[in-house]
**Q** 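What follows is a structure written as structure tokens; I'll ask about it next.
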Amino acid sequence: MTSTALKEPVRETSPGAAREPRRRTGRIRRVSLPYLLLLPALLLELLVHLVPMAIGIVMSFKQLTQFYIRDWGTAPWNGFDNYKVSVDFDAPVGKALLQSFGITVGFTLLSVGLCWLIGTAAAVYMQGIFRGRGLLRALFLVPYALPVYAAVITWVFMFQHDNGLVNHVLHDQLHLTDKPSFWLIGDNSFYALLTVSVWKGWPFAFLIVTAGLQNIPRELYEAAALDGAGMWQQIRRITLPSLRPVNQVLILVLFLWTFNDFNTPYVLFGKAAPEAADLISVHIYQSSFVAWNFGTGSAMSVLLLLFLLVVTGGYLLLTSRGRKASHA
């Protein structure tokens, strides 16, 4: 008696089909690896910036004063009252905030404009080849490389009324003023703050513009020179149009840095900045840590954040439209 054994049909598998799951797994690993490497930085960004930002937004809706510092979560809910007080420009708080905002806008426009102008002029000048160019480039970058506190404290000594270097040069040496000026109080404090801001900010513009100039082919300048174009025509027709993408990013970064600058006025003037140099960053600090009204200070910070987001979004929209129009 014979028995027939049922055998399963042998499936033929190609080597390519066996390697396909391995290829898919390797592709997934390659795609996910950059995100895994960025994960620690994203978590740190979340802890350092986003979490305090969220806490600040919550604080802006609370009546948070010095009486609730120990446990700010127990502060009573204030709704939009802090925002109403901040934007009530007929009341003292809103009027002072509006004045500080105007001073900050004027200071930022002057500082960014001068930083860009000086940095661009220095970068164009340094494109030429001459003896000592490397040393001069290194000296140009010294204000940017110095720590902010060390640099600003040095300027504090230079702006002293009796024995400061600024008054010594302007009054004693050049005789440009009738008497030594007060630079850290009064209306002159605005010019002192602007001087320090431009001094430490223009090397960054110089560095960025210098990097952008390296991408402009020298053949364009040689062809323009053969056609009879002078230096100013070359700058107008070649240099500035070629640097437009670099300048768009540079101006935005300088604007955000300058508008939010707190270290320079705080180190230069201390906790109580003069009225002429009352930048909005110091004004918010005084409202929060001097007047002990953290709810109103947080509301001012949120309003400042919204303003910067609107300005940044509008600027990026305009520059992107201009870029598309130039390519069309």
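One is the number of the first residue; the rest follow in order along the sequence.
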**Q** Is Lys62 close to Pro76 at the side-chain level, that is, under 4.5 Å between some pair of heavy atoms?
**A**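 No, every pair of side-chain atoms sits at 4.5 Å or beyond.
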**Q** I want to know whether Phe307 and Phe101 have ring centres closer than 6.0 Å.
**A**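 Centroid distance Phe307-Phe101: below 6.0 Å, so yes.
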**Q** Kindly write out the residues that satisfy side-chain hydrogen bond (donor to acceptor under 3.5 Å, both in side chains) with Gln99, not counting sequence neighbours, or none if the list is empty.
**A**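 Applying side-chain hydrogen bond (donor to acceptor under 3.5 Å, both in side chains) to Gln99 gives Glu275.
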**Q** Within a strict 4.5 Å, meaning less than it, do heavy atoms of the Val282 and Pro265 side chains meet?
**A**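 Yes; the side chains approach each other to less than 4.5 Å.
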**Q** For Asp178, I'd like to know if atom CG has over 12 heavy atoms of other residues, nucleotides or ligands within 6.0 Å.
**A**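 12 or below, so no.
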**Q** Taking the six-membered ring for Trp, are the ring centroids of Phe269 and Phe159 within less than 6.0 Å of each other?
**A** no
**Q** May I have the step-by-step check of ring pair (Phe, Tyr, Trp, His ring centres under 6.0 Å) for Phe61 and Tyr83, ending in yes or no?
**A** CA-CA 8 Å; Phe61 293 101; Tyr83 293 93; 5.4 Å; yes
**Q** Identify the two heavy atoms, one from His283 and one from Ala96, that lie closest to each other, and give their separation to 0.1 Å.
**A**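 The pair with the smallest heavy-atom distance is CE1-CB, 3.7 Å.
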**Q** Do Val87 and Leu303 come close enough that some side-chain heavy atom pair is under 4.5 Å?
**A**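 Contact flag for Val87/Leu303 side chains = yes.
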**Q** Report whether Leu220 and Val246 are members of the same hydrophobic cluster (ILVMFWY, side-chain heavy atoms less than 4.5 Å apart, transitive linking).
**A** yes
**Q** Are Leu184 and Phe107 connected in a single hydrophobic cluster, I mean Ile/Leu/Val/Met/Phe/Trp/Tyr linked by side-chain heavy atoms less than 4.5 Å apart?
**A** yes
**Q** Please round to the nearest 0.5 Å and tell me the distance separating atom CG of Leu256 and atom OG1 of Thr108.
**A**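 So the CG of Leu256 and the OG1 of Thr108 are separated by 10.0 Å.
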**Q** Identify the two heavy atoms, one from Gln233 and one from Gly230, that lie closest to each other, and give their separation to 0.1 Å.
**A** OE1-N, 3.2 Å
**Q** For the side chain of Ser197 and the backbone of Leu193, is there at least one donor-acceptor N/O pair under 3.5 Å apart?
**A**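 No; zero donor-acceptor contacts below 3.5 Å.
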**Q** Hey, are the side chains of Leu304 and Asn260 touching, using non-hydrogen atoms and a 4.5 Å cut-off?
**A**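 Counting from C-beta outward, Leu304 and Asn260 do come under 4.5 Å.
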**Q** Mark yes or no for whether Thr120, through its side chain, and Leu117, through its backbone, hold a donor-acceptor pair below 3.5 Å.
**A**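 It does not hold such a pair.
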**Q** Do Leu279 and Ile185 belong to the same hydrophobic cluster, where Ile, Leu, Val, Met, Phe, Trp and Tyr are linked whenever their side-chain heavy atoms lie under 4.5 Å apart, directly or via other members?
**A**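 Different hydrophobic clusters.
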**Q** As an exercise, state the distance from CG of Leu268 to CG of Asn263, rounded to the nearest 0.5 Å.
**A**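 The CG atom of Asn263 is 12.0 Å from CG of Leu268, to the nearest 0.5 Å.
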**Q** For Trp77, does the CH2 atom have more than 12 heavy-atom neighbours from other residues, nucleotides or ligands under 6.0 Å away?
**A**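 Atom CH2 in Trp77 is packed in, count exceeds 12.
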**Q** First locate atom OG1 of Thr296, then atom CG of Leu64, and finally report the distance between them rounded to the nearest 0.5 Å.
**A** 9.5 Å
**Q** Can you confirm whether Phe206 sits close enough to Leu141 that some side-chain heavy atom of one is under 4.5 Å from a side-chain heavy atom of the other?
**A** yes
**Q** Can you see whether Tyr221 engages Thr239 through a side-chain donor-acceptor pair at a distance of less than 3.5 angstrom?
**A** yes
**Q** Mind checking whether Tyr144 and Trp202 have ring centres under 6.0 Å apart?
**A** no
**Q** Rounded to the nearest 0.5 Å, how far does CZ of Phe262 lie from CD1 of Ile284?
**A** 10.5 Å
**Q** Under 6.0 Å between ring centres: does that hold for Phe294 and Tyr68?
**A**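 Between Phe294 and Tyr68, the centre distance exceeds or equals 6.0 Å.
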**Q** Do Ser298 and Asn82 have side chains that get closer than 4.5 Å, going by heavy atoms?
**A** no
**Q** Please report the interatomic distance OG(Ser181) to CG(Asp187), rounded to the nearest 0.5 Å.
**A**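 Rounded to the nearest 0.5 Å, the OG-CG separation comes to 11.5 Å.
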**Q** State whether the side chain of Ser100 and the backbone N or O of Asp278 hold a donor-acceptor pair below 3.5 Å, judged by distance alone.
**A** yes
**Q** Looking only at the side chains, is there a donor atom on one of His171 and Asn167 sitting less than 3.5 Å from an acceptor on the other?
**A** no
**Q** With a 3.5 Å distance limit and no angle check, can you tell me whether Thr104 reaches the backbone of Ile280 through a side-chain donor-acceptor pair?
**A**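 Judged by distance alone, yes, a pair lies under 3.5 Å.
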**Q** Rounded to the nearest 0.5 Å, what separation is found between the OG atom of Ser320 and the OH atom of Tyr315?
**A**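 The OH atom of Tyr315 is 11.0 Å from OG of Ser320, to the nearest 0.5 Å.
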**Q** Decide whether Asp261 and Thr258 meet the rule of one side-chain donor and one side-chain acceptor closer than 3.5 Å.
**A** no
**Q** Measure across Lys271 and Gln286 and return the closest heavy-atom pair with its distance rounded to 0.1 Å.
**A** O-NE2, 2.6 Å
**Q** Measuring only between side-chain heavy atoms, which start at C-beta, is Met231 closer than 4.5 Å to Arg236?
**A**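 Met231 vs Arg236: side chains apart.
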**Q** Tell me, with the steps shown, if Trp183 and Tyr191 meet ring pair (Phe, Tyr, Trp, His ring centres under 6.0 Å).
**A** CA-CA 8 Å; Trp183 293 101; Tyr191 303 105; 7.7 Å; no
**Q** Evaluate the ring planes of Phe130 and Tyr125, with Trp represented by its six-membered ring, and classify them as parallel (under 30°), tilted (30 to 60°) or perpendicular (over 60°).
**A**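 Phe130 vs Tyr125 ring planes: tilted.
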**Q** Are Leu139 and Trp155 connected, step by step, through hydrophobic side chains (Ile, Leu, Val, Met, Phe, Trp, Tyr) whose heavy atoms are closer than 4.5 Å?
**A**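 As far as the 4.5 Å side-chain criterion goes, Trp155 and Leu139 are not connected within one cluster.
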**Q** Just so I know, are the side chains of Leu252 and Gln248 near enough to count as touching, which here means a heavy-atom distance under 4.5 Å?
**A**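 The answer is no, as the side chains (C-beta and beyond) never meet within the 4.5 Å cut-off.
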**Q** Which atoms form the tightest heavy-atom contact between Asn78 and Gln63, and what is the distance?
**A** CB-N, 3.6 Å
**Q** Tell me, yes or no, whether the heavy-atom count around Arg133 atom CZ, taken from other residues, nucleotides or ligands under 6.0 Å, exceeds 12.
**A**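 More than 12 heavy atoms, drawn from other residues, nucleotides or ligands, come within 6.0 Å of this atom.
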**Q** For Cys115 versus Gly201, what's the shortest heavy-atom pair and its separation?
**A** SG-C, 3.7 Å
**Q** Do Leu114 and Leu207 share a hydrophobic cluster, counting only Ile, Leu, Val, Met, Phe, Trp and Tyr and linking them when any side-chain heavy atoms are less than 4.5 Å apart?
**A** yes
